[in-house]
Undergrad: 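Input: one structure, supplied below.
All residue numbers refer to positions in the sequence shown, counting from 1.
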Amino acid sequence: MKLDEWFTIEEIDPMTFAISEYGHWEKVHSYLVIGDKYAALIDTGIGISNIRNVVNQITSLPIKVITTHVHWDHIGSHGHFDEIYVHELEKDWLENGIPGLQIETIRRDVGRDITKPIPADFKIENYEPFRGKPTAILQDNEMIDLGNRTLICLHTPGHSPGHLCIYEPERGFLYTGDLIYKGTLFAFYPTTNPLLFVKSVEKISLIEHVTKILPGHNELDLTKNFIFEVNKACQELLSKGLARHGTGVHDYKDVKIYF
């Protein structure tokens, strides 16, 4: 399904859609999860194009935006929605921005390595990450009822202090944000914590019923075995003491983990 030149829409099942930005080097995925009464949008992408236009063509239900974490590539279209949820530890970031992160750095990363045409009205020199007050604050194990469809918000810090993975018990879908994806997993961004990252990976590896991993970047539809691979790599780093020193690189199959 393709409803917008910038976005690629892929059906996970008839009520779940990945809305992807493959024309950007980050290859960001947001997810539209549709219930009977509400729909949840897990992250809103980069903000190069307005994801709300795509969402409106798929569903007319009220939208609850669930923020996996407050990095620019996941909150780009937050301003187009009325109901925004975020973990309590990143409320201040959402309202005031990440301390010490310069707008020049953000604009450089937003504008580089773009391979698809961008909307005519998008100007990189005017790009500003969303700032605003959330509608609701989330904590670990908080449940969001969409009407015959329930999402559980799991606090998984490490990549950022208030990072959330979203788990859907009935389907076994696990939306992992930037905690788990194929490629390079970072834990040296100024606001990350490698030891918490390792603990969070171990936490989600213990979830028994996982049928799909739906990540925030790169390849879609990973299997639960991929969590075990990442967890093994993290535990090996931890056992060698590299995480405690804040340095180290470990390759394991399809993932490279930087601490």
Undergrad: Just by distance, do the side chain of Arg52 and the backbone of Ser77 share a donor-acceptor pair under 3.5 Å?
TA: no

Undergrad: Test your reading of the model: is there a side-chain donor-acceptor pair from Thr211 to the backbone of Arg171, 3.5 Å cut-off?
TA: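 Judged by distance alone, yes, a pair lies under 3.5 Å.
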
Undergrad: Got more than 12 heavy atoms from elsewhere within 6.0 Å of CG, Asn148?
TA: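 No - once you tally the heavy atoms of other residues, nucleotides and ligands closer than 6.0 Å, there are 12 at most.
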
Undergrad: Can you tell me how the ring of His74 sits relative to the ring of His69, calling it parallel under 30°, perpendicular over 60° and tilted otherwise?
TA: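 It falls in the tilted class, 30° to 60°.
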
Undergrad: Under 4.5 Å between any side-chain heavy atoms of Ile42 and Leu214, yes or no?
TA: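 No - every pair of side-chain heavy atoms lies 4.5 Å or more apart.
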
Undergrad: Treat each ILVMFWY residue as a node, draw an edge where side-chain heavy atoms are under 4.5 Å apart, and state whether Ile12 and Ile66 are in one component.
TA: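 Yes, it is one cluster - the side chains of Ile12 and Ile66 are joined through contacts under 4.5 Å.
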
Undergrad: Side-chain contact test, heavy atoms from C-beta onward, threshold under 4.5 Å: evaluate it for Leu154 versus Ile207 and give yes or no.
TA: yes

Undergrad: Is the closest side-chain donor-acceptor distance between Ser160 and His71 under 3.5 Å?
TA: no

Undergrad: Please name the pair of heavy atoms, one in Phe7 and one in Ser49, separated by the smallest distance, quoted to 0.1 Å.
TA: CZ-O, 3.4 Å

Undergrad: A side-chain contact here means heavy atoms from C-beta on lying under 4.5 Å apart; do Ile114 and Ile48 qualify?
TA: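 Of all side-chain heavy-atom pairs linking Ile48 with Ile114, at least one is under 4.5 Å.
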
Undergrad: Indicate yes or no for a side-chain donor-acceptor contact from His80 to the backbone of Ile51 under 3.5 Å, with no hydrogens or angles considered.
TA: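 No.
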
Undergrad: Going only through I, L, V, M, F, W and Y residues with side-chain contacts under 4.5 Å, is there a path from Tyr38 to Val54?
TA: no

Undergrad: Do any N or O atoms from the side chain of Lys27 and from the backbone of Glu219 form a donor-acceptor pair under 3.5 angstrom?
TA: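 No, the answer is negative, given that no donor and acceptor are paired below the 3.5 Å cut-off.
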
Undergrad: Parallel, tilted or perpendicular: which describes the rings of His87 and His155, with under 30° parallel and over 60° perpendicular?
TA: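 Plane angle under 30°, so parallel.
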
Undergrad: Taking side chain as C-beta onward, heavy atoms only, is Glu83 less than 4.5 Å from Ile63?
TA: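 They are not in contact (no side-chain heavy atoms under 4.5 Å apart), so the answer is no.
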
Undergrad: Is there a path of hydrophobic side-chain contacts, each under 4.5 Å between heavy atoms of I/L/V/M/F/W/Y residues, joining Ile166 to Val201?
TA: no

Undergrad: For the side chain of Thr135 and the backbone of Ile84, is there at least one donor-acceptor N/O pair under 3.5 Å apart?
TA: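 Yes: the side chain of Thr135 pairs with the backbone of Ile84.
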
Undergrad: Are the side chain of Asp43 and the backbone N or O of Gly45 linked by a donor-acceptor pair below 3.5 Å?
TA: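 No.
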
Undergrad: Taking the side chain as C-beta and beyond, is there a heavy-atom pair between Pro169 and His209 under 4.5 Å?
TA: no

Undergrad: Start with the C-alpha gap between Asp13 and Lys212, add the side-chain angles, then the distance that decides, and say whether salt bridge (Lys or Arg N to Asp or Glu O under 4.0 Å) holds.
TA: CA-CA 11 Å; Asp13 70 18; Lys212 293 181 186 291; over 6 Å; no

Undergrad: Could you tell me if the side chain of Phe17 sits less than 4.5 Å from the side chain of Glu10, heavy atoms only?
TA: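 In short, these two side chains do not touch, never coming nearer than 4.5 Å.
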
Undergrad: Any chain of hydrophobic side-chain contacts (each under 4.5 Å) joining Tyr175 to Ile213?
TA: no

Undergrad: Taking His29 for its side chain and Asn218 for its backbone only, find out whether a donor-acceptor pair lies under 3.5 Å.
TA: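 Yes; judged by distance alone, with no hydrogens or angles, the pair exists.
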
Undergrad: Do side-chain atoms of Lys64 reach the backbone of Leu146 as a donor and acceptor pair under 3.5 angstrom?
TA: no

Undergrad: For the side chain of Glu142 and the backbone of Cys153, is there at least one donor-acceptor N/O pair under 3.5 Å apart?
TA: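 No, because the side chain of Glu142 does not come within donor-acceptor range (under 3.5 Å) of the backbone of Cys153.
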
Undergrad: How about Val28 and His217: do any of their side-chain heavy atoms sit closer than 4.5 Å?
TA: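 Side chain of Val28 against side chain of His217, heavy atoms only: contact under 4.5 Å found.
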
Undergrad: So does Asp73 get a backbone contact from the side chain of Glu26, meaning a donor-acceptor N/O pair under 3.5 Å?
TA: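 Side chain of Glu26 to backbone of Asp73: no pair is present.
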
Undergrad: Are more than 12 heavy atoms, taken from residues, nucleotides or ligands other than Lys199, located less than 6.0 Å from that residue's NZ atom?
TA: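 12 or below, so no.
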
Undergrad: Report yes if the side chains of Pro157 and Leu89 come closer than 4.5 Å at any heavy-atom pair, otherwise no.
TA: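 Sidechains of Leu89 and Pro157: no contact.
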
Undergrad: So with a 6.0 Å cut-off around OH of Tyr22, is the heavy-atom count from everything else above 12?
TA: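 More than 12 heavy atoms, drawn from other residues, nucleotides or ligands, come within 6.0 Å of this atom.
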
